[in-house]
Every structure is written in C-alpha cells, then in structure tokens.
Amino acid sequence: MAQQQRVAVVTGGASGIGEATVRRLAADGYDLAVIDRNIADAKSVAASLATGGRRALAYSCDVADAAAVDRVAAEVAADLGPATVLVTSAGLIPNTESILDMDMAAHERMWAVNYGGTLHACRAFARQMIPARHGAIVTIGSINSVLPLPIPAYNIGKAAVVRLTQLLAVELGRHNIRVNSVGPTYVMTPPLKAKVAAGERDMAKIMAVHALPTLPVPADIADAVAFLCSQQARSITGVLLPVDAGWQSAVSYRSYAGGVPWSE
Ligand SMILES: NC(=O)c1ccc[n+]([C@@H]2O[C@H](COP(=O)([O-])OP(=O)(O)OC[C@H]3O[C@@H](n4cnc5c(N)ncnc54)[C@H](O)[C@@H]3O)[C@@H](O)[C@H]2O)c1
C-alpha cells in the first residue's frame, strides 16, 4: 500500500482508543476521516492533524444508523478518496447486569452501536476497497470477545464482532482485503476513568487478574491496529489479536483450585 493514496477511516475517532488510532495512522502517513457522533471532539482531533499537507476531516454520524453510515461513506470518498483502511472503534461500555433484569432498550441500543455499527461501517467501506483490490479493516473487539463476563449486551456483542471479522476475512479475502480484530483489556479511556471514579470498577481487582503490572494505554492499542494495517501483516487475516497485559493467562492461572505458588 505504500505507493498508493492512503485514506484511513476511524469510527469513534474523537476519543480514547479511536483517537489514539487516528493519531498513529496520521503519523504513518494516512489521510484521515474521523467519524463520531461527537462532532465537536471529532473536529478538534481532525484540526490538530491537518498540518503539513495532511488531510484530516471530521464527520458526524451515529454508526447504529446503516443509512447514515452509507451517506457518510459517500462523503468520505468524495472528499478524500476511497478508504484503504477502516478501524471500527465507536462503542458504548456498560456496567454489570443480570440477563433476566436488564433494561431491554439499553440492551438493544448497545447491540445496535457495538455490533450493528461495526457491521454497517465494514459493509460501507469494504465496498470502496473492492475496486482497488486492497485494504485493511480492523475491528475493535475486547477481552469480552473471548470469555463470558457479566455485561451481557457488550459481552455477546464483542463475541459477535469477532465472528463478523472472521466471516468478512473470508468473504473479502478474494478481493485482497484483510480483516482482523484487536482485543484490548481494560484501557484507561474516558468511560473507564468515569466508572472507576463512580466506584463501578475496582482497580485492585482489575490489576489482580493481569500478568503485567500495568494496563495498556490507548497508544498501545493503536500500535497493534497499525501493525495489522501494515505490510508486515500482509498474510494475517481473520484473527483476534489480544492486547491484554496477560489477562487471559492470569484469569486461568489464578483460578486454579489448588491455589497459586505465590501471591503479589
Ligand atoms: N476502554 C476499555 O477498557 C476498552 C476495552 C476493550 C475494548 N474497548 C473498545 O474500544 C472502543 C473504544 O472505546 P474507548 O474506551 O476508547 O471509549 P471512548 O468513549 O473514549 O470512545 C468511543 C467513541 O465512540 C463514539 N461513539 C459512541 N457511540 C457512537 C455512535 N453510535 N456513533 C458514532 N460514534 C459513537 C463516542 O462519541 C466516542 O468518541 C469501543 O469499541 C470499546 O468497546 C474499550
């Protein structure tokens, strides 16, 4: 892709992991389309990048609305050219809830944004990649994509995001388009900061189930995304790349019924 026009589209690019990804892909030489329902913050991120000949534009869109995503995809193509990279980071992060007691309207909204929004963006922007016969899509999964956690709409939705990623990898592979997912553990972005401040997440419990002593920062997730978009990953498609500070291994290891040989 190095010699061709490079346009990266990031949904949820106004904040957190999406914003870090926008900044990393801009540093890698892409023109950027920053798509977010928070247009004020999307504009401020885009404005901070639009220097030195780089094109970076902000677009207002609710990714849960398939027709709105199709409209914004047409605007991006008209303004910047067809997408060569898509990263789907727009998402909502809920609190613990019981399946029997949960609010169904909130459940459906979560599903519509986290799964539906990913599907809508992948469809709209993959169509732009097909004629060029190249492209890379990275969906943002989660540790929720791999194990059951008690936040049902989010947990099931993130598992579905990875299955969608695998299906698309096969369907789009014949057009030379790669589709992968990155699965972060807890990352200190505005929603997690707010939940910790409100007593809805316990940092001591979080740190007890990781192998490494520190959590990833948004730029660490962006690095993994940038790798999957790069030529170095040209033979990688259909995978979930965890960026989890050893969460999967630590959860299993520390649940062993015989106890662990040492404690922190
Ligand atoms: N922070 C974490 O601990 C963590 C862990 C694993 C996965 N993730 C995933 O990473 C992604 C980004 O999360 P974050 O922590 O950076 O959160 P964030 O709130 O900082 O960023 C999410 C962005 O998505 C936008 N957005 C939300 N709903 C939208 C909609 N319907 N249409 C368009 N834009 C919308 C928000 O305005 C915001 O700018 C999400 O998919 C989340 O599930 C986050």
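Numbering of ligands and ligand atoms starts at 1, following listing order.
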Residues Glu75, Arg71: salt bridge by 4.0 Å N-O rule: no
Check the surroundings of atom NZ in Lys43: do more than 12 heavy atoms from other residues, nucleotides or ligands lie under 6.0 Å from it? no
Proximal ligand 1 atoms for Pro190, defined as those under 4.0 Å from one of its heavy atoms: 20 (O)
Between the candidates Gly12, Ala90, Gly18, which shows the shortest non-hydrogen contact distance to atom 35 (C) of ligand 1? Ala90
Does Arg178 reach the main-chain N or O of Ala233 with its side chain, forming a donor-acceptor pair under 3.5 Å? yes
Consider every N or O of Asn38 and every N or O of ligand 1, then say whether any pair is closer than 3.5 Å. no
How far is atom 9 (C) of ligand 1 from the closest protein heavy atom, and which atom is that? Ile140 CG2, 3.6 Å
Please list, in number order, the atoms of ligand 1 under 4.0 Å from a heavy atom of Tyr186. 3 (O)
Filtering Asn144, Ile221, Asp62, Val182 for the heavy atom nearest atom 31 (N) of ligand 1 leaves Asp62
May I ask whether Ile39 and Val10 are part of the same hydrophobic cluster, defined by side-chain heavy atoms of I, L, V, M, F, W, Y residues being less than 4.5 angstrom apart, directly or through others? no
Looking at ligand 1, does any of its N/O atoms fall within less than 3.5 Å of an N/O of Asn114? no
Salt-bridge criterion met for Arg109 and Asp62 (N-O under 4.0 Å): yes
Arg254 (side chain) donor-acceptor with His210 (main chain) under 3.5 angstrom: yes
Distance-only, no hydrogens or angles: does the Ser142 side chain make a donor-acceptor pair with backbone N or O of Gly183 under 3.5 Å? no
Please confirm whether Ser89 comes within less than 3.5 Å of ligand 1 when only nitrogen or oxygen atoms on both sides are compared. yes
Could you tell me whether some N/O pair between Val63 and ligand 1 is separated by less than 3.5 angstrom? yes
Closest to atom 34 (N) of ligand 1 among protein heavy atoms sits Arg37 N, 3.2 Å
Indicate, with yes or no, if Met110 and Met102 share a hydrophobic cluster defined by side-chain heavy-atom contacts under 4.5 Å among Ile, Leu, Val, Met, Phe, Trp and Tyr. no
A quick test of your reading: do over 12 heavy atoms of other residues, nucleotides or ligands sit less than 6.0 Å from CZ of Arg123? no
Give the numbers and elements of all ligand 1 atoms closer than 4.0 Å to a heavy atom of Gly16. 16 (O), 20 (O)
To check your reading of the model: name the closest protein heavy atom to atom 20 (O) of ligand 1, its residue, and the distance in Å. Ser15 OG, 2.6 Å
Tell me: protein heavy atom nearest atom 8 (N) of ligand 1, and distance? Tyr154 OH, 3.5 Å
Do Leu149 and Leu215 sit in one hydrophobic cluster, given that two such residues count as connected whenever their side-chain heavy atoms are within less than 4.5 Å of each other, even indirectly? yes
Please say whether Val187 places an N or O atom under 3.5 Å from an N or O atom belonging to ligand 1. yes
Among all the protein's non-hydrogen atoms, which is closest to atom 39 (O) of ligand 1, and how far away is it? Asp36 OD2, 2.6 Å
Can you hop from Leu212 to Met207 via hydrophobic side chains spaced under 4.5 Å? no
For atom 4 (C) of ligand 1, which candidate among Thr185, Val113, Val87, Val161 provides the closest heavy atom? Thr185
Any chance you could lay out the side chain to side chain contact (heavy atoms under 4.5 Å, CB included) test for Val260 and Tyr253, step after step, and finish with the verdict? CA-CA 8 Å; Val260 295; Tyr253 185 101; 3.9 Å; yes
Proximal atoms of ligand 1 relative to Arg109 (non-hydrogen, under 4.0 Å): 31 (N)
Could you name the option among Ala20, Gly141, Gly91, Pro94 that has the heavy atom nearest to atom 7 (C) of ligand 1? Gly141
Counting both backbone and side chain atoms, is some N or O of Pro184 under 3.5 Å from an N or O of ligand 1? no
Are any of the N or O atoms of Lys158 closer than 3.5 Å to those of ligand 1? yes
Residue selection (non-hydrogen contact nearest atom 16 (O) of ligand 1) among Val72, Ile17, Asp41, Thr139: Ile17
Answer yes if the side chains of Gln231 and Arg234 hold a donor-acceptor pair under 3.5 Å, and no otherwise. no
Verdict with supporting geometry, Tyr186 and Ile143, side chain to side chain contact (heavy atoms under 4.5 Å, CB included): CA-CA 8 Å; Tyr186 304 83; Ile143 53 174; 4.0 Å; yes
Those atoms of ligand 1 less than 4.0 Å from some heavy atom in Cys61: 32 (N), 33 (C)
Look at atom 14 (P) of ligand 1 and say which protein heavy atom is nearest, naming residue and atom and giving the distance to 0.1 Å. Thr189 OG1, 3.6 Å
Where ligand 1 meets Pro191 - atom numbers and elements under 4.0 angstrom, heavy-atom basis: 15 (O), 17 (O), 18 (P), 19 (O), 20 (O)
May I ask you to list the atoms of ligand 1 that are less than 4.0 angstrom from any heavy atom of Ile93? 1 (N), 15 (O), 44 (C)
Give a yes or no on whether the backbone of Thr185 and the side-chain of Asp244 come within a donor-acceptor separation of less than 3.5 Å. no
